[in-house]
Amino acid sequence: MQFELKLTDPQSAARRGTITTAHGVIETPAFMPVGTAGAVKAVHMRELKNDIKAQIILGNTYHLYLRPGLNILAEAGGLHKFNGWSGPILTDSGGYQVYSLTDRRKLNEEGVMFNSHIDGSKHMFTPEYVMDIQRVIGADIIMAFDECTPWPCEYEYASKSLDLTHRWLKRCMSRFKETDPHYGYEQSLFPIVQGSTFRDLRIKSAEEIAGYNADGNAIGGLSVGEPAEQMYEMTELVCGILPADKPRYLMGVGTPANILENIALGIDMFDCVMPTRNGRNGMLFTSKGTINLRNEKWKDDFSPLDPDGIAYVDHEYSRAYVKHLFKAGEMLGPMIASIHNLAFYQWLVLEARTHIEAGDFTSWKTAMVKQLSVRL
RNA sequence: GUGGUUUUAGCUCAGUUGGUUAGAGCGCCUGGUUGUGGUCCAGGAGGUCGUGGGUUCGAACCCCAUAUUCCACC
């Protein structure tokens with residue numbers, strides 16, 4: 001994997017770059033749709049590629065390991081061949097599940113024992129094993145196994161957890177170096193900065209992570225409930241320490257406004273379930289603000305779903321019709337909303353790239369953030 | 001015609017020996033959702049208990065009349 005930093009915005013820390021992987025090129029800043037179980041929920045790969053124009057999608061180590069399992073993935077020849085997505089893929093390590101499935105796991109120095117949410121069976125995830133699993137899945141970019149801490153979080157806990165995450169990172173790096181890719185193309189391992197919302201812990205972690213000089217670096221443990229201002233404070237702090245010539249990935253973020261603000265602070269890559277999850281529940285993000293399609297006021301609004309939208313669904317269907325689909329429980333509703341939201345997120349980062357190149361990113365961002373908060 | 005049965009929220013129904021402000025599911029309205037245990041979660045509105053009398057300190061519940069649903073028999 002190679003990162004070419006093309007230019008930095010003189011008025012902010014925003015950057016414009018290009019990541020080249022074995023499966024294709026990613027223009028940054030980039031947004032990566034989430035496909036936890038090997039599928040971006042409710043969306044065909046064909047739509048993802050042709051209509052949404054996603055450059056890279058995510059998968060999840062924990063979920064793919066449990067289902068379909070390593071044997072099937074190996075037999076298929078890796079996730080790309082299994083799910084038909086020929087572009088770049090990034091897998092999360094299961095570190096987020098350490099946080100989200102906190103009542104189904106036990107954590108110790110060695111790793112995390114998960115109680116499967118499917119059948120209750122026990123599975124030990126060590127940093128080494130998580131690397132092995134991600135070799136089998138075969139994503140272009142794989143993530144270190146970490147502990148994503150909750151918020152709020154006691155300083156003592158955040159500090160101890162951070163040290164554990166750093167020890168795990170060392171083990172991840174060793175195993176990664178000792179092993180080879182399974183399918184004939186290169187994989188890159190990204191370490192993850194933790195430290196909750198404590199400045200000294202974030203500085204310590206960012207310095208530790210920077211020392212590995214990895215192909216790219218991630219910031220985790222944010223957007224877990226803390227106020228947005230604290231998230232921005234941590235991002236800014238960490239971006240000042242991480243290498244400038246490597247892509248920076250802010251994990252799990254976020255709302256359209258969160259993405260623009262973090263681009264301004266120096267983030268290159270984002271992922272978030274919001275466009276798909278909220279889409280499945282009837283919420284649309286648009287350049288003029290958000291739409292709750294469940295609201296009664298849309299029932300006889302026959303205007304296009306999003307007159308400013310770039311996706312074909314924006315002009316093919318009316319708000320009244322898609323509202324009806326949600327009310328009727330028709331699965332086409334979540335499909336249309338997911339396509340719209342993902343296309344909107346792609347449009348948003350495309351515009352950001354264009355404005356960084358044009359040199360007017362900051363003024364564009366300020367105006368856009370204001371519009372995004374409107375409730376239509 | 002006779003005997004029985006039914007009637008409670010928009011819909012389908014609970015409701016104890018008569019005892020505070022009559023409940024549920026669905027539907028409706030409104031929120032929420034940030035490295036996906038999510039077709040999910042939370043909140044809200046909505047009832048003259050078929051109708052009219054009566055008994056009782058107190059009635060969805062007991063009594064009378066009447067309307068109504070369904071069933072059986074003439």
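To find a chain, count down the sequence lines: A is the first, B the second, and so on, and within it residues start at 1.
Using a 4.0 Å cut-off between a side-chain N of Lys or Arg and a carboxylate O of Asp or Glu, Asp300(A) and Lys323(A) do not qualify as a salt bridge. A salt bridge links Glu109(A) and Arg167(A); the closest N-O separation between the charged side-chain nitrogens and carboxylate oxygens is under 4.0 Å. No salt bridge links Lys327(A) with Glu296(A); every basic N to acidic carboxylate O contact stays at or beyond 4.0 Å.
Nucleotide U33(B) forms a pair with no other nucleotide shown, judged by Watson-Crick or G-U wobble geometry with both contacts under 3.5 Å. Partner assigned to U16(B) is none, using Watson-Crick or G-U wobble distances below 3.5 angstrom. With a cut-off of 3.5 Å on both Watson-Crick or G-U wobble distances, the partner of C73(B) is given as G1(B).
A14(B) and G23(B) are spaced 7 Å apart, taking the C1' atom of each and rounding to whole Å. Between C13(B) and U55(B), the distance separating the two P atoms is 35 Å to the nearest Å. For the P atoms, the distance linking G3(B) with A65(B) amounts to 11 Å, nearest Å. Between the P atoms of G18(B) and G58(B), the separation comes to 16 Å (whole Å). Look at the P atom in both U8(B) and C61(B): the space between them is 14 Å, to the nearest Å. Taking atom P on both C49(B) and U34(B), the two are 44 Å apart, rounded to the nearest angstrom. The P atoms of U12(B) and U20(B) are separated by 28 Å, rounded to the nearest whole Å.
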Exercise. Does the pair Ser161(A) and Glu147(A) meet the rule for a side chain to side chain donor-acceptor pair (under 3.5 Å), with working shown?
Worked result: CA-CA 7 Å; Ser161(A) 168; Glu147(A) 182 189 5; 2.7 Å; yes
Exercise. Is there a side-chain contact (heavy atoms from CB on, under 4.5 Å) between Met269(A) and Ile19(A) once you walk through the steps?
Worked result: CA-CA 10 Å; Met269(A) 304 162 72; Ile19(A) 297 170; 3.8 Å; yes
Exercise. Once each nucleotide of nucleotides 28-38 of chain B is scored for protein heavy atoms under 4.0 Å, what B/S/- sequence comes out, 5' to 3'?
Worked result: SSSBBBBBBBB
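The aromatic rings of Phe125(A) and Tyr62(A) are tilted relative to each other, their planes meeting at an angle between 30° and 60°.
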